[in-house]
Amino acid sequence: QVQLVESGGGSVQAGGSLRLSCAASGYTSPYTYSSYSMGWFRQDPGKEREVVAAIGSGGSTSYAASVKGRFTISRVNAKDTLYLQMNSLKPEDTAMYYCAAGLTFGGSCYTRPADFSYWGQGTQVTVSS
């Protein structure tokens, strides 16, 4: 069972930065961390979960229009870790942020929640104006 643990959330003023991390474990042979497409999602109470950024097993990336140019997703396969560098934060970025993993073949970069089988517990990001 793949386990994902997020960290790095917190409270920051508008214009500030945060770096989220997601540590992964529990992979079953022959699959490793590099076999998975990884993503960051966020959700506000009463709203649907939305993709923030995703990165395929081959390194391709995808970003929501609202964060493009401000957020950067990256992964270090040797450390089984996913990152999200968030700069120029805005109050509308306030949400619970979730890390997700989806087994992929051929290096695909998934962006739909339904494509991800494993989810972390989330880390809260609050941006004040």
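Side-chain atoms are counted along with the backbone in the values below, which use heavy atoms only and exclude waters and symmetry mates.
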* To do: Could you tell me which residues satisfy side-chain contact (heavy atoms from CB on, under 4.5 Å) with Gln3, sequence neighbours excluded, listed by chain and number?
  =>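 Per chain and number, Gln3 pairs via side-chain contact (heavy atoms from CB on, under 4.5 Å) with Ser25.
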* To do: Output, in order, the C-alpha distance, side-chain angles, deciding distance and verdict of side-chain contact (heavy atoms from CB on, under 4.5 Å) for Met86 and Asp93.
  => CA-CA 10 Å; Met86 305 186 294; Asp93 294 318; over 6 Å; no
Closest heavy-atom pair and its distance - [X], [Y]:
X	Y	value
Ser128	Pro91	C-CG, 4.5 Å
Tyr63	Thr72	OH-CA, 3.4 Å
Ser62	Thr111	OG-CG2, 3.6 Å

* Asked: Linking Ile, Leu, Val, Met, Phe, Trp and Tyr by side-chain heavy atoms under 4.5 Å, what else ends up with Tyr98?
  -> Phe41, Val51, Met96, Tyr110, Phe116, Trp119
* In the hydrophobic clustering (ILVMFWY, side-chain contacts below 4.5 Å, transitive), which residues join Val76, or is it alone? ->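 Besides Val76, the hydrophobic cluster comprises Tyr83, listed by chain and residue number.
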Inter-residue atom distance [X].[atom1] - [Y].[atom2], 0.5 Å rounding:
X	Y	atom1	atom2	result
Cys99	Gln121	SG	CD	11.5 Å
Met38	Leu84	CE	CG	12.0 Å
Arg70	Ser17	CZ	OG	10.0 Å
Arg42	Arg49	CZ	CZ	13.0 Å
Trp40	Leu20	CH2	CG	4.5 Å
Lys90	Ser129	NZ	OG	13.5 Å

Ignoring hydrogens and angles, tell me if any N or O in the side chain of [X] forms a donor-acceptor pair with the backbone of [Y] under 3.5 Å.
X	Y	value
Ser34	Ser57	no
Arg75	Gly56	yes
Glu6	Cys22	no
Tyr33	Tyr27	no

* Asked: Given the rule in the side-chain contact (heavy atoms from CB on, under 4.5 Å) test, do Thr94 and Gln124 qualify, once you have shown the distances and angles that lead to the verdict?
  -> CA-CA 8 Å; Thr94 295; Gln124 178 68 37; 4.0 Å; yes
* Among Thr104, Leu103, Leu82, Ile55, which residue meets the side-chain contact (heavy atoms from CB on, under 4.5 Å) test with Tyr36? -> Leu103
